[in-house]
Amino acid sequence: MKDNLILRIIAKLLIPMIILFALYVQFHGDYSPGGGFQAGVIFSSGFILYMLIFGLDTAEAIVPSGVLRVIASLGVLVYAGTGMVSLFMGKEFLNYSALAESPTTGQHIGIIMVELGVGMTVGAIMLLIFYAFANRGRE
Amino acid sequence: MAIDPVINFMLLVFLVVMAFTILRLSGMLAMTIIFGLYSLLMAGLFMVMDAPDVAFTEAAVGSGVSTVLMLVTLSLTKTRHERHTRKIQWRPLLVVLLTGAALIYGIHDIANMGDTDAPAQQHVADRYISSGQQETGVPNLVTAVLASYRGFDTLGEVVVIFTAGIGIMLLLGRPCKKGRVEDDQTP
């Protein structure tokens, strides 16, 4: 679909906005609706749009599946790691109040970290699933 | 003020129309597109119910990612049309009718939307609402419940998604690199 001018221009206009919106949903999730899961899904759908228009090879050159695998695993690690840090700081597993001087600051830091982990895993796994499906057609 | 029931009614009517259209269609491509539209209408319905985060997910996954995945699957398969049999299949029809009857019977037991006396609101929801913001300092209660109060559940969810991804990569992923295949062949 690389030759279709209208699709290409519209996609070029839309994709930055979709990714910006995903980042907004990710990092503003504690004030407005949304969070890591929604952000990851929106990010990956924006990137899938890019893949549909510009082809799988171009997309894999930007985000190789090896990098995505590392990001997906890192997401789970960040989540569980936040829990472990609060465990070592003297409170229960995933009790973020231990992360800072005041409990609310700790909760805030913990929630942002945890949502970041969720977003990384969900976004990367969605793209990896799409890669796995799309690569089947090329054999 | 009275616009909500109208929007709800319109969305639900369109959902029924979509469902019957999917039943009547035989082309798989058209079916996939209508499924995507169905999800988009569901997202609108969630939005009317004041659940924008669920609507985000439904719009992105239901009508975006899963439609694309179904289209990719269609491009891999050879048949583009469902085979229609004229004969009525009684056993599936019986199962569907029984399930539908059970679901409709269950409707009269569901609490009204926003009912404060509903069993689901009696347990811990009160505490989340009354002291959630002081305890977590996060204005969005949904995020506070998901990430902090129910943090362990959400960790489980993330691991489930991770495991699902690994499973799909193992099933559908590319075969091993050349070196590995040769290693496997030598013994």
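So that the names make sense, note that chain A is the first sequence line, chain B the second, and so on, each numbered from 1.
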K.L.:
Which pair of heavy atoms, one from A:Gln107 and one from B:Ser148, lies closest together, and at what distance?
P.N.:
OE1-OG, 2.6 Å
K.L.:
Is there a path of hydrophobic side-chain contacts, each under 4.5 Å between heavy atoms of I/L/V/M/F/W/Y residues, joining A:Ile112 to B:Tyr149?
P.N.:
no
K.L.:
Linking I/L/V/M/F/W/Y whenever their side-chain heavy atoms sit closer than 4.5 Å, directly or via other members, would A:Val76 and A:Ile111 fall into one cluster?
P.N.:
yes
K.L.:
Provide the closest heavy-atom pair for B:Asn140 versus A:Gly29 in the form atom of the first, atom of the second, distance.
P.N.:
ND2-O, 3.0 Å
K.L.:
Just so I understand: if I count every heavy-atom pair under 4.5 Å between each of B:Ala147, B:Gly64, B:Ala144 and chain A, which residue has the most?
P.N.:
B:Ala147
K.L.:
Going by heavy atoms in the side chains, are B:Ile161 and A:Phe37 under 4.5 Å from each other?
P.N.:
yes
K.L.:
Can you find a heavy atom in the side chain of B:Glu135 that is under 4.5 Å from one in the side chain of A:Thr104?
P.N.:
no
K.L.:
Show the numbers, then the answer: is there a side-chain contact (heavy atoms from CB on, under 4.5 Å) between A:Phe93 and B:Leu155?
P.N.:
CA-CA 11 Å; A:Phe93 183 64; B:Leu155 176 62; 3.9 Å; yes
K.L.:
With chain B as the partner, which of A:Ala80, A:Ser73, A:Gly40, A:Ala39 has the greatest number of non-hydrogen pairs under 4.5 Å?
P.N.:
A:Ser73
K.L.:
Using a 3.5 Å distance criterion without hydrogens, assess whether the side chain of B:Asp53 forms a donor-acceptor pair with backbone atoms of A:Pro33.
P.N.:
no
K.L.:
Please report the closest heavy-atom contact between A:Arg136 and B:Leu76, naming both atoms and the distance.
P.N.:
CB-CD1, 3.6 Å
K.L.:
Among A:Val114, A:Ile129, A:Ile18, who wins on heavy-atom pairs under 4.5 Å with chain B?
P.N.:
A:Ile129
K.L.:
Examine A:Tyr96 and A:Leu87 and state if one hydrophobic cluster contains both, with Ile, Leu, Val, Met, Phe, Trp and Tyr joined whenever side-chain heavy atoms are less than 4.5 Å apart.
P.N.:
yes
K.L.:
Between B:Val65 and A:Phe130, is there a side-chain heavy-atom distance shorter than 4.5 Å?
P.N.:
no
K.L.:
Of all heavy-atom pairs between A:Leu128 and B:Met169, which one has the smallest distance, and what is that distance?
P.N.:
CD1-CE, 3.6 Å
K.L.:
Counting only heavy atoms closer than 4.5 Å, note whether A:Thr105 contacts chain B via side chain, backbone, both or neither.
P.N.:
neither
K.L.:
Can you tell which part of B:Gln134 gets under 4.5 Å to a heavy atom of chain A, answering side chain, backbone, both or neither?
P.N.:
backbone
K.L.:
Go through the atoms of A:Phe21 and report whether side chain, backbone, both or neither lie under 4.5 Å from a heavy atom of chain B.
P.N.:
side chain
K.L.:
As an exercise: rank B:Thr154, B:Val54, B:Val61, B:Val142 by heavy-atom pairs under 4.5 Å with chain A and give me the winner.
P.N.:
B:Thr154
K.L.:
Tell me whether A:Val67 shares a hydrophobic cluster with A:Ile48, the cluster being built from Ile, Leu, Val, Met, Phe, Trp, Tyr side chains joined at under 4.5 Å.
P.N.:
no
K.L.:
Where the side chain of A:Asp30 meets the backbone of B:Val138, is there a donor-acceptor pair that is under 3.5 Å apart?
P.N.:
no
K.L.:
Indicate yes or no: at least one non-hydrogen side-chain atom of A:Tyr131 is less than 4.5 angstrom from one of B:Ile168.
P.N.:
no
K.L.:
Between B:Phe152 and A:Tyr79, is the ring centroid distance below 6.0 Å?
P.N.:
no
K.L.:
Can you name the closest pair of heavy atoms from B:Leu172 and A:Phe133 and give their distance?
P.N.:
CD1-CE1, 3.6 Å
K.L.:
Give the member of B:Gly165, B:Pro52, B:Gly151 that has the highest number of heavy-atom pairs under 4.5 Å with chain A.
P.N.:
B:Gly151
K.L.:
Do A:Val25 and B:Phe56 come within less than 4.5 Å of each other through their side chains, counting heavy atoms only?
P.N.:
yes
